[in-house]
Amino acid sequence: MEENKKYYVTTPIYYPSGDFHVGTCYCTLMADTLARYKRLRGYDVFFMTGTDEHGQKIEEKAKARGITPKEYVDEFVAKAKDLWKVLDISYDKYMRTTDEYHVKAVQQIFEKLLAKGDIYKGEYKGLYCTPCESFWTETQLVDGKCPDCGREVKEVKEESYFFKLSKYKDRLLQYYEEHPEFLEPEKRKNEMVKNFFDKGLEDLCVTRTTIDWGIRVISDPKHTVYVWLDALTNYITALGYTTDQDEMMKKYWPADLHLVGKEIFRFHSIIWPAILMALDLPLPKKVFGHGWLVVNGNKISKSFGNYKDPRIYIRDTSVDALRYYLIKEITFGDDGNFSEDLFIEKTNSDLSNDLGNLVSRVTAMVEKYNQGIVVKNDSLPLEDIDKDLINSAEEMIPNFEKYMDDLKTNEAIAEIWKLISKANKYIDLSTPWVLAKEENKDRLNQVLYNLVETIRIVAVPLQCFFIETPSKIMNQIGVTKEEMTWESAKTFGVLKDGTKVSKGEILFPRIDKTEELFKVEDEVVEETQEEERKGIITIDELDKVELKVGQIKEVEKVAKSKKLYKLQVDVGEKELRTIVSGLVPYYKEEELLGKQVVVVTNLQPAKLCGVESNGMLLAAGDYDVVKLLVLDNNNGILENGSNIH
RNA sequence: CGCGGGGUGGAGCAGUUGGCAGCUCGUCGGGCUCAUAACCCGAAGGUCACAAGUUCGAGUCUUGUCCCCGCAACCA
């Protein structure tokens, strides 16, 4: 056993300017997988994610919504935590740069570097667009004008503090030289050196006087600390750096791995190490710059319509399916394609056919041939096919470890699947159904034992990236948590004699490609657009929405869709209205019949799955729980068609 | 000549220090019936973008050409 088995892994702290999409999840999911893996191996893991909450953009967004920046970021953090909960991200700490300890620590770090002479006061020259309150560089300008509003920019000078980045140039280069494993992948390191060092490192402007929403410089309060010293330092302030309670700092620093996107790789490979050098702190052991996802071949953006809430994917498949695809299909470090078609294909072939079906057929056989009881009998000789299976099973974990330690998650997973396919093949070779017919009870039980034991071993590393599946498998093959430890998966034969197997629910139902999948509900889209359009509406605008009491008279499913009901609703008009609503997952047909609900009656008609919908039912909640707004009929009934105000 | 990445059987990708071109899916043929129309076996299909060069030998090194895609001070 190695001494000091600790593992500190971080994701970037995300900037609350847009909503999360699959790409955002990817990095966090990867960190989560590594954290789970290290925990299983007995490491003392500290896994941190969080949000970078200061800056002008936040200020502007909040202003546009008519709320304070703090309210804005609080709202965002709540949403982020909600998403991480859905994905079951096992972070140990959620870091926020608006947390008090962080603010104080940043202020102290600033003063420390100022006193040391690594921060000095100077003058920032830039091209400024007054209406936009933004600085631009020469190269950002469009035809010499502000890229945002197209107006003239003027050169202004602003008093600023600078960090002596140039001072650390040689030490940084030397460090890269001596620690080839520090920056990965290799190609990104080359990019850094070529692009920036060769051009020379300029000192870095670390304060602004134009931004209010940020951390004040104590010795000069008209300045706020700019992103570099505020955001990057989160990795140490979260551990209590500069405070009395810095046991965490002693225990976990230096970080073992900073996982970052390629767009911020530069800051983590140049600026952050320089800051640490200035603070006389050791550098993180590794900074890994992963690639970006494209969705269906297109860059993720709203205009391509692929900027979807990741929960859409989970809703139509499962958390485990999404986690599997992202970690298996994308070569860590490179850009990857999140193809929705491929996602379904992979889920069906790898998860349903290979893994799910294996568990299903093995548990079925144990029930059918031996009343669910697994028999261990070591006195029987092993046949060649047995030895082959057992060898593969015992080799799997060591290979898996090798790849995981190299951050090659896709290859690590491939090792598990090699064993799964070996087990499927073993069934064909050993033909248990023939043994059953021949009433060769001993051999049959031996074969079944080997299969169940293989499944147990397979399930152990699955715990690194699956949330629901490992425990489902454990229940079905009747093993306890103690029989699922990392070390136990290295030896074949741990499974006890007399283990009770019971065929349970199907692990991964096959997904029917003809179903309409991953569709963003119209209502959801409108909601987000509404939010984009920002904030407050007047009473007149509210009056534009015509709300009436409606009673559901008929309910039928829309044939082509998984989620849509076609409803006939009485809103006090001569004829019933046809309204299509995505309530199938949340209400049964009979639950809806007769309900008096709130209907938007002047909504522009829309075709959903070929059926025209004339209105919309109001409901609350999203994804997990959706509840219709229904009338309180305790004290008498309102007529259908009554106005609502 | 701003920087970088990539062009490999129908699709998506792997290919370490140059040594008979691999994987998954799909297609076609066969087998099996324990299983989620799943599983197992076999087959077809590539002049590794193009051209020249180094070498006994290049997808892998050098040079040039064409095409695609990112980045260019903060979108993961």
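Every value quoted in this text rests on a predicted model; they were computed, and no experiment measured them. To find a chain, count down the sequence lines: A is the first, B the second, and so on, and within it residues start at 1.
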Trainee: At under 4.0 Å, does any side-chain N or O of A:Arg361 touch on OP1 or OP2 of B:A38?
Mentor: no
Trainee: B:A58 and B:G19: how far apart are their P atoms, nearest whole angstrom?
Mentor: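 One P to the other, the span is 11 Å.
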Trainee: Do the rings of A:Tyr161 and A:Phe110 sit parallel, tilted or perpendicular, given the 30° and 60° boundaries?
Mentor: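 Perpendicular: the ring planes of A:Tyr161 and A:Phe110 meet at over 60°.
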Trainee: Taking only the P atom of each, what is the distance from B:A49 to B:A14 in whole angstrom?
Mentor: 14 Å
Trainee: Under 3.5 Å, which N/O atoms of the protein pair with N/O atoms of nucleotides 29-32 of chain B?
Mentor:
| unit_1 | atom_1 | unit_2 | atom_2 | d |
| --- | --- | --- | --- | --- |
| B:G31 | N2 | A:Asp428 | OD2 | 3.3 |

Trainee: Look at the aromatic rings of A:Tyr325 and A:Phe343 and report parallel, tilted or perpendicular, splitting at 30° and 60°.
Mentor: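 Rings of A:Tyr325 and A:Phe343: perpendicular, over 60°.
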Trainee: Looking at A:Lys425, does any N or O in its side chain come under 4.0 Å of the phosphate oxygens OP1/OP2 on B:C39?
Mentor: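 For A:Lys425, the contact criterion (side-chain N or O under 4.0 Å from OP1 or OP2 of B:C39) is not met.
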Trainee: Pairs counted as Watson-Crick or G-U wobble with both distances under 3.5 Å: what dot-bracket string results for RNA chain B, using | for bases tied to another strand?
Mentor: .((((((..((((.....[..)))).(((((.......))))).....(((((..]....))))))))))).....
Trainee: Students often mix this up, so state it plainly: with edges at 30° and 60°, are the rings of A:Trp213 and A:His54 parallel, tilted or perpendicular?
Mentor: perpendicular
Trainee: Among B:A38, B:U36, B:A73, which nucleotide has an atom closest to any side-chain atom of A:Asn357?
Mentor: B:A38
Trainee: Please determine, for the side chain of A:Asp354, which listed nucleotide (B:C75, B:C39, B:C34) has the closest atom?
Mentor: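 Out of B:C75, B:C39, B:C34, the nucleotide with an atom closest to A:Asp354's side chain is B:C39.
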Trainee: Does A:Phe47 have A:Lys93 sitting over its ring (NZ/CZ under 6.0 Å from centre, angle to axis within 45°)?
Mentor: no
Trainee: Are the side chain of A:Asp320 and the backbone of A:Thr469 linked by a donor-acceptor contact shorter than 3.5 Å?
Mentor: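 Indeed, once roles are kept as given, a pair shorter than 3.5 Å links the two residues.
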Trainee: For the pair made of CG in A:Leu342 and C1' in B:U24, what is the distance, rounded to whole Å?
Mentor: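 One finds 9 Å between C1' of B:U24 and CG of A:Leu342, rounded.
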Trainee: In whole Å, what separates the P atom of B:G64 from that of B:U60?
Mentor: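 Pairwise P distance, B:G64 against B:U60, rounds to 15 Å.
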Trainee: Taking only residues two or more places apart in sequence, or in another chain, which ones meet A:Tyr426 in a ring-ring contact (aromatic ring centres under 6.0 Å, His included)?
Mentor: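 Listed in chain order: nothing, the list is empty.
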Trainee: What interatomic distance, in whole Å, is found between C1' of B:U8 and the corresponding atom of B:C48?
Mentor: 4 Å
Trainee: Ignoring backbone atoms, test whether A:Lys422 places a side-chain nitrogen or oxygen under 4.0 Å from the OP1 or OP2 oxygen of B:C40.
Mentor: no
Trainee: Closest to the A:Ala364 side chain: B:C25, B:U36, B:C34?
Mentor: B:C34
Trainee: Using the P atom in both, what is the distance from B:G59 to B:C20, to the nearest Å?
Mentor: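 That atom pair is separated by 11 Å.
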Trainee: Report yes if at least one side-chain N or O of A:Asn410 is closer than 4.0 Å to OP1 or OP2 of B:C13; otherwise report no.
Mentor: no
Trainee: Any idea which of B:A76, B:C39, B:A73 is nearest the A:Leu204 side chain?
Mentor: B:A73
